[in-house]
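Just below is one structure, and these are the notes that go with it.
By convention here, the first residue in the shown sequence is residue 1. Computed from a prediction, not measured in an experiment: that's the story for all the values here.
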Amino acid sequence: MNNKYNPGNLIKYRNRDWMVLPSNEDQIILVKPLGGSDEETTGIFLPLAKDIEAIEKATFKEPTSTQIGNFETAKLLYNASRLSLRNAAGPFRSMGKLSFRPRSYQVVPLVMALKQDVTRLLIADDVGIGKTIEALLIIKELIERGEIKKFAVICPPHLCEQWQQELKDKLDIDAEIIRSSTASRLDRMVADDHSVFYHIPYQVISVDYIKTDKRRSIFLHDCPELVIVDEAHTCTLPKGASSKNQQQRYNLVHDVAVNQNRHLVLLTATPHSGKDEEFLSLLGLLNPNFQQLNFERLEQADRRKIAQYFIQRKRENIRRWLNEDTLFPERDSKEIGFTLSEETKAFYNELVAFARGISDVETDNENTRLLRSWAAIALIKGAMSSPVMAKEMLEKRQAKLAVEEVTVEVGPEALEYTLFEENDFGVDFSRSDLLNAVDYKTKELEGLTKLLNSAKYLNENTDTDIKIKHTIDIVKKWLKEGFQPIIFCHYIATAKYVEEKLKEALPKNILVQAITSELADEQRKEEIQRMGEHDKRVLVATDCLSEGINLQDYFNAVLHYDLPWNPNRIEQREGRVDRFGQTSTQIKTYMLYGENNPMDKFILEVLIRKVREIQKSIGVTIPIGENNKSLMTELTQKLLKTESEAEQLTLFAEDKIKIDNELEMARKKEKTYDQFSPKNL
């Protein structure tokens with residue numbers, strides 16, 4: 001090596017400033033332009049570097065008195081210089097080009113990625129820990145190392161803008177959103193016969209846009225070197241492959257993963273639903289050999305191999321990591337019970353009686369019998385949400401029955417989703433599909449009319465609604481204490497009802513806004529930003545905002561107006577505000593339930609409290625998935641097959657032992673999954 005030019009020296013060559021790199025040849029020095037990439041590295045043959053090609057020492061012009069700035073600009077220059085030097089000084093080439101400082105635990109997936117020749121990772125960190133940050137670090141590092149020139153983020157439609165903004169804010173990367181609303185404009189920009197996937201280097205793509213066979217084949221033809229899949233749990237292969245929608249998503253990611261030289265990163269806070277087949281389908285995307293594993297008989301060598309591809313941390317794992325504290329807000333969680341008014345309780349009893357009529361029809365088809373029972377439960381659940389929702393559901397059903405005799409062929413696919421599961425997170429689902437799949441008889445129309453009259457009475461006399469009164473009191477107290485709450489409802493009609501009642505009860509200087517799936521993704525984002533401009537605000541939302549969107553900048557309290565039937569939904573809702581970056585030291589998470597509502601008592605005592613006990617004791621959130629049909633069957637049996645409320649509650653208590661056993665089995669299985677993470681190996 002020529003001693004005159006040592007690595008790190010700055011030189012001027014061909015009217016450009018360069019940094020000297022290590023070289024094994026005495027007569028050749030390797031240089032890289034300042035601010036340039038590794039691809040611009042150039043070799044200079046010293047015997048020819050003479051006259052106009054001569055190498056000079058790089059210098060900066062000394063400042064004059066007229067150029068002196070203030071302290072802030074000098075400090076900015078100083079910090080910029082320090083950051084730029086990190087590019088050559090540290091093990092990661094991207095750290096000097098980030099607009100944020102990652103936490104130490106967020107660098108772990110990046111280290112795992114760099115240990116692999118081809119990055120294949122499933123990042124399953126808990127809600128709010130920072131999976132997006134971890135994915136951005138991998139993207140930037142691979143770009144800086146010259147391993148990739150293009151990448152694509154595949155995500156649900158409602159997350160496209162958020163990913164685009166994160167890439168711009170944190171990496172200064174301008175990515176294009178590719179989905180139905182933008183495809184035509186982008187196609188017109190293409191000058192040749194190549195696809196937009198070929199021309200656009202940085203892509204954020206709606207999974208629902210490219211999952212169809214035609215678009216999938218076009219994307220695969222021009223697929224980038226790196227693909228990030230967000231909310232990867234929606235892309236698993238369902239057991240029995242009965243879900244066409246989810247199967248299309250799986251086929252898309254599977255075809256992307258077939259190329260073993262393509263970098264693939266999967267992101268999800270819920271990597272499995274308790275079903276081994278679905279979890280294995282995700283792992284199989286990273287390494288085809290994993291799809292043949294048997295979790296009941298895993299060897300330690302298998303666990304270590306999985307740990308090279310899979311990382312999952314809970315909050316307790318990273319509160320203190322490498323002597324660095326990560327502060328999350330403290331949760332003030334409470335269950336707020338209320339007693340149904342006499343009028344509402346009478347309506348509930350009428351509902352149960354009518355629901356028994358739906359479920360008691362004799363039929364030889366087991367699927368039909370089970371579906372009728374679930375439809376009956378869905379009717380009770382929806383009608384007890386709010387007087388407006390009860391009236392809307394019953395009016396729609398009456399109008400349908402008045403014009404036609406409904407007869408529907410019920411197949412196994414109709415049982416694909418239960419009251420515990422939903423088509424997709426982020427989509428309001430009123431269970432009308434369950435109700436419409438039931439062949440009501442004309443004789444039931446009379447009972448439906450009577451029930452509708454009761455619902456109309458409750459809707460006109462909202463003083464009987466104790467639930468909304470409790471909500472108003474809680475919201476007033478929170479606002480007085482300086483909290484900005486979100487009220488989560490399951491139904492659109494209920495959300496609008498709560499919005500109306502809060503506007504009537506709260507001062508005019510408090511902004512109350514309902515946001516549901518009736519608004520497009522862009523409109524939801526705009527409305528949330530508009531709300532953030534007000535000092536006092538209350539957001540009423542459906543579950544279209546319960547996953548993927550960050551709300552910690554504007555809100556710090558959550559009220560579950562409709563009791564979630566899946567404990568995982570609770571964590572998703574509360575994770576919108578209880579996440580890294582929340583500036584409040586404390587957040588509120590309250591849950592409303594009817595003390596004399598047997599359905600609420602069943603869900604609260606048998607499911608939610610048990611799951612929370614497990615989470616508190618071992619730090620593991622267990623999924624409700626594999627046994628949900630048995631849980632639903634038990635609920636319908638106890639709620640619809642017994643005559644008195646006292647009997648119902650007694651039987652619930654007896655059956656709690658059986659369901660506790662099922663939840664304990666789910667807990668053990670979840671611990672098995674958790675052991676795959678590197679922290680346990």
Excluding sequence neighbours, so at least two apart, what forms side-chain contact (heavy atoms from CB on, under 4.5 Å) with [X]?
X	value
Val111	Phe92, Val107, Lys115
Gln523	Leu519, Ala520
Leu220	Arg216, Asp255, Val256
Glu147	Leu142, Arg145, His263

Under a 3.5 Å distance rule, please check whether [X] uses its side chain to pair with a backbone N or O of [Y] as donor and acceptor.
X	Y	value
Glu56	Lys12	no
Arg262	Pro224	yes
Glu25	Gln27	no
Ser546	Gln572	no
Gln203	Ile154	no
Thr182	Ile177	yes
Arg313	Tyr105	yes

Is any side-chain N of the basic residue among Arg249 and Glu231 closer than 4.0 Å to the acidic one's carboxylate O?
no

Would you call Arg185-Glu176 a salt bridge at under 4.0 Å N-O?
yes

Would you call the rings of Tyr250 and His254 parallel, tilted or perpendicular, taking 30° and 60° as the class edges?
tilted

With side chains defined as the heavy atoms from C-beta onward, is the minimum distance between [X] and [Y] less than 4.5 Å?
X	Y	result
Gln260	Arg120	yes
Lys97	Leu171	no
Thr234	Val207	no
Leu266	Thr268	no
Leu121	Leu286	no
Val31	Ile55	no
Asn550	Thr132	no
Thr42	Tyr13	no

With sequence neighbours excluded, what pairs up with [X] under the salt bridge (Lys or Arg N to Asp or Glu O under 4.0 Å) test?
X	answer
Asp302	none
Lys168	Asp172, Asp174
Lys170	Glu166
Lys131	none

Identify the two heavy atoms, one from [X] and one from [Y], that lie closest to each other, and give their separation to 0.1 Å.
X	Y	value
Ile218	Ser195	CG2-CB, 3.6 Å
Pro33	Glu40	CD-O, 3.5 Å
Ala135	Ile228	CB-CG2, 4.3 Å
Ile515	Cys544	O-SG, 4.1 Å
Gly284	Phe290	N-CB, 4.2 Å

Tell me every residue that passes side chain to side chain donor-acceptor pair (under 3.5 Å) with Thr212, counting only those two or more places apart in sequence or in another chain.
none

Asn259: partners by side chain to side chain donor-acceptor pair (under 3.5 Å), with sequence neighbours left out
none

Apply the test side chain to side chain contact (heavy atoms under 4.5 Å, CB included) to residues Arg179 and Cys160: give CA-CA distance (whole Å), side-chain angles for both, the deciding distance (0.1 Å), then the verdict.
CA-CA 9 Å; Arg179 60 183 177 192; Cys160 288; 3.7 Å; yes

With a 6.0 Å cut-off (strictly less than), is the heavy-atom count around NE2 of His221, excluding the residue itself, greater than 12?
no

Please check if the number of heavy atoms outside Asp117 that lie under 6.0 Å from its CG is greater than 12.
no

Does the Lys NZ or Arg CZ of Lys150 fall within the cation-pi geometry relative to Tyr198 - under 6.0 Å from the ring centre and within 45° of the axis?
yes

Is the Phe310 to Phe279 ring centre distance short of 6.0 Å?
yes

Just verifying a value: how many Å separate [X] [atom1] and [Y] [atom2], rounded to the nearest 0.5 Å?
X	Y	atom1	atom2	answer
Tyr554	Gln529	OH	CD	5.0 Å
Ile205	Leu252	CD1	CG	8.5 Å
Leu545	Glu527	CG	CD	11.0 Å
Asn9	Leu21	CG	CG	11.0 Å
Asp213	Arg215	CG	CZ	11.5 Å

Quick one, Met189 with His199, criterion side chain to side chain contact (heavy atoms under 4.5 Å, CB included). Give me CA distance, side-chain angles, the key distance, then yes/no.
CA-CA 10 Å; Met189 295 169 56; His199 286 282; over 6 Å; no

Check against side chain to side chain contact (heavy atoms under 4.5 Å, CB included), Ile528 and Leu551
CA-CA 8 Å; Ile528 291 172; Leu551 301 174; 3.6 Å; yes

Go through Val229 and Leu285 one step at a time and tell me if the side chain to side chain contact (heavy atoms under 4.5 Å, CB included) criterion holds.
CA-CA 11 Å; Val229 181; Leu285 296 171; over 6 Å; no

Sequence neighbours excluded - ring pair (Phe, Tyr, Trp, His ring centres under 6.0 Å) pairs with any residue from residues 127-157
Phe151-Tyr202

By the definition side chain to side chain contact (heavy atoms under 4.5 Å, CB included), identify the one residue from Val227, Thr119, Val118, Leu122 that meets it with Leu264.
Val227

Any salt bridge (Lys or Arg N to Asp or Glu O under 4.0 Å) involving residues 42-55? Give me the pairs, sequence neighbours left out, ordered by first then second residue.
Arg14-Glu53

